[in-house]
J.: 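Take this structure, written in structure tokens, and hold onto it; I'll ask about it next.
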Protein chains: 2
Amino acid sequence: MLELLHSLVHALKSRMHHAMQEGGGDVAGLAGMEARSLGFIARHPESTQGELVRHSGRDKGQIARVVKRLRELGLIEQVEDPVDRRNVRLRVTPAGDALHRDVHRLRKRAGAQALAGFDAEELAAAVALLERMKGNLE
Amino acid sequence: MLELLHSLVHALKSRMHHAMQEGGGDVAGLAGMEARSLGFIARHPESTQGELVRHSGRDKGQIARVVKRLRELGLIEQVEDPVDRRNVRLRVTPAGDALHRDVHRLRKRAGAQALAGFDAEELAAAVALLERMKGNLE
DNA sequence: GAGCGATCGTTGACTTTGTCACCTTTGTGC
DNA sequence: GCACAAAGGTGACAAAGTCAACGATCGCTC
């Protein structure tokens, strides 16, 4: 079971990685974590780095570096939170948004391939089971 | 969905990693991939490195290094295949078998926590769905 | 048997991901 | 003011993954 999950996720990562390389253009310069983080920021504008940390379950140091890289690439920008200046609110730039759409397209395609032959009911069941598992680990 | 899978697997990895560190003793010296590969060899004695590569989906170079490390740790040993001398058949040593049992215990515990509240039917459904997804990617 | 391509494993060089321990800055509650 | 917590940043490192090249061996064919 654990093995199965591992190899499935590895296969998905690998697919996405190759799709991003072959897709060429700007997406090729993004690493997987960077692409995923960009996606989170695009979906949750004005969120802080800490929220990204909590949502992804990754180390905050790692996230700090990923965010730094995305900023250097000009894909996101930071806004100071006037209320609490420790917080850094993140949002995508137009360039980041465009790139995010490209990534999203590839991600959707990879997901669609993995879920080929699933009807809505099965998809919902899969998501529910996975979410219960994730919930069990918190 | 992809995000969900990623974070679930990440959480599982993290659990296993900590369990192996805290468990102390010899398991603490094993990295995750090493532990998983040891498990495969224990479950499939006399298999070749190539079979491990195909089963895990990992790069053969990576597997070669993992196998090398396991050999240096005295956990597995190689037997020359008399028929095809390119093949190297792998099997666990007594020490490797003992360690494998420890790892298996920890893995089982981590899996049990993730699957808490699942009845046999749900478990089977989850495995079936995941296997279909994995199959779709080949 | 010599040549040729395929397969198995090995190695080097490298990038990405993850982990841990510390640090600074800022806010909160005495 | 002070101690303490929280947000983020950095250094150092370990683990994981990727790619390309290589030697050895095998199967096949001429």
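Per chain, numbering begins at 1; letters A, B, ... match sequence-line order. No hydrogens, no waters, no symmetry mates; every other heavy atom, side chains included, goes into these values. Here the structure is a predicted model, which is why all the values come from computation and not from measurement.
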J.: Does A:His18 reach a base, just sugar-phosphate, or nothing at all? Heavy atoms under 4.0 Å.
T.: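 Answer is sugar-phosphate: A:His18 comes under 4.0 Å of backbone atoms only.
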J.: In whole angstrom, give the distance that lies between atom CG of B:Leu70 and atom P of C:dG9.
T.: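 Result: 15 Å.
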J.: Tabulate atom names and distances for all N/O pairs under 3.5 angstrom spanning the protein and nucleotides 13-15 of chain C.
T.:
{"residue": "C:dA13", "atom": "N6", "partner": "B:Arg65", "partner atom": "NH2", "Å": "3.3"}

J.: Just wondering, more than 12 heavy atoms not from B:His104 lying within 6.0 Å of its NE2?
T.: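 Open.
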J.: Under 4.0 Å, counting only non-hydrogen atoms across every strand here, what does B:Asp59 touch: a base, just sugar-phosphate, or nothing?
T.: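 Base contact.
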J.: I'd like to know if A:Arg86 reaches the base of D:dA6 with its side chain, counting only an N/O donor and acceptor under 3.5 Å.
T.: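 Indeed there is one.
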J.: Can you measure B:Gln21 atom CD to C:dG18 atom C1' for me and round it to whole angstrom units?
T.: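 Going from B:Gln21 (CD) to C:dG18 (C1'), I get 13 Å.
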J.: Which pair of non-hydrogen atoms, one from A:Ala114 and one from A:Leu12, has the smallest distance, and what is that distance?
T.: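 Nearest heavy atoms, A:Ala114 then A:Leu12: CB-CD2, 4.1 Å.
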J.: Does C:dT11 have OP1 or OP2 under 4.0 Å away from a side-chain N or O of B:Lys68?
T.: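 Looking at the OP1 and OP2 atoms of C:dT11, one of them is under 4.0 Å from a side-chain N or O of B:Lys68.
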J.: Identify, between A:His17 and A:Val67, the residue whose nearest nucleotide on DNA chain D lies closer to the 5' end.
T.: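 Its nearest nucleotide being more 5', the pick is A:Val67.
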J.: Any ion pair linking A:Glu3 and B:Lys134 (charged N to carboxylate O, less than 4.0 Å)?
T.: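 No, no charged N to carboxylate O under 4.0 Å.
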J.: What is the distance, to the nearest angstrom, from the CD1 atom on B:Ile63 to the P atom on D:dC19?
T.: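 For the pair B:Ile63 CD1 and D:dC19 P, the rounded distance is 15 Å.
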J.: Once you round it to whole Å, what is the distance between P of D:dA14 and CZ of B:Arg69?
T.: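 Rounded to whole Å, this separation is 11 Å.
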J.: Quick check on DNA chain C: between B:Arg89 and A:Asp81, whose nearest nucleotide comes earlier from the 5' end?
T.: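 Result: B:Arg89.
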J.: Which part of the nucleic acid does A:Gly61 contact within heavy-atom distance under 4.0 Å: base, sugar-phosphate only, or nothing?
T.: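 Base contact.
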J.: Find out if a path of hydrophobic residues (ILVMFWY) with successive side-chain heavy-atom gaps under 4.5 Å connects B:Val127 to A:Leu8.
T.: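 In one cluster: yes.
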J.: Please say whether more than 12 non-hydrogen atoms of neighbouring residues, nucleotides or ligands are located less than 6.0 Å from CZ in B:Arg101.
T.: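 No - once you tally the heavy atoms of other residues, nucleotides and ligands closer than 6.0 Å, there are 12 at most.
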J.: May I have the distance from A:Met33 (atom CE) to D:dG17 (atom C1'), rounded to whole angstrom?
T.: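 Rounding to the nearest Å, CE of A:Met33 and C1' of D:dG17 are 16 Å apart.
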J.: When all nucleic acid strands are considered with a 4.0 Å heavy-atom cut-off, which category describes B:Ala31: base, sugar-phosphate, or nothing?
T.: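 Counting heavy atoms under 4.0 Å across all strands, the contact made by B:Ala31 is with sugar-phosphate only.
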J.: Which comes earlier along DNA chain D counting from the 5' end, the contact point of A:Val53 or that of B:Arg36, where each point is its nearest nucleotide?
T.: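 Result of the comparison: A:Val53.
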J.: For the pair made of CG in B:Leu52 and C1' in C:dT7, what is the distance, rounded to whole Å?
T.: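 Rounding to the nearest Å, CG of B:Leu52 and C1' of C:dT7 are 17 Å apart.
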J.: Compare side-chain N and O positions of B:Gln62 against OP1 and OP2 of D:dA16 and report whether any pair is under 4.0 Å apart.
T.: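 Indeed not, no polar side-chain atom of B:Gln62 lies that close.
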J.: Quick one: does B:Glu51's side chain have a donor or acceptor within less than 3.5 Å of a partner on B:Thr48's backbone?
T.: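 Such a contact is found between B:Glu51 side chain and B:Thr48 backbone.
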J.: Report the distance from atom NE2 of B:His100 to atom CG of B:Leu30, rounding to the nearest 0.5 Å.
T.: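 B:His100 atom NE2 to B:Leu30 atom CG measures 12.0 Å (nearest 0.5 Å).
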J.: Could you report the tightest heavy-atom contact between A:Ala126 and B:Met1, atom names first, then the distance?
T.: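 Nearest pair, atom of A:Ala126 first, then B:Met1: CB-CE, 4.2 Å.
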J.: Contact class for B:Gln49 vs. all strands (heavy atom < 4.0 Å): base, sugar-phosphate, or nothing?
T.: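 B:Gln49: backbone/sugar contact only, no base atoms under 4.0 Å.
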J.: Can you see if the side chain of A:His10 gets near the phosphate of D:dT18 - specifically, an N or O under 4.0 Å from OP1 or OP2?
T.: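 So the side-chain polar atoms of A:His10 do come within 4.0 Å of the phosphate oxygens OP1 or OP2 of D:dT18, strictly under.
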J.: Measure the distance from CE on B:Met20 to P on D:dA14 and round it to the nearest whole Å.
T.: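 Going from CE in B:Met20 over to P in D:dA14 covers 17 Å.
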J.: How long is the line joining NZ of A:Lys13 and P of C:dT16, in whole Å?
T.: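 Interatomic distance, NZ of A:Lys13 to P of C:dT16: 14 Å.
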J.: Hey, is the side chain of A:Arg58 poking within less than 4.0 Å of OP1 or OP2 on C:dC20, counting only N and O atoms?
T.: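 For A:Arg58, the contact criterion (side-chain N or O under 4.0 Å from OP1 or OP2 of C:dC20) is not met.
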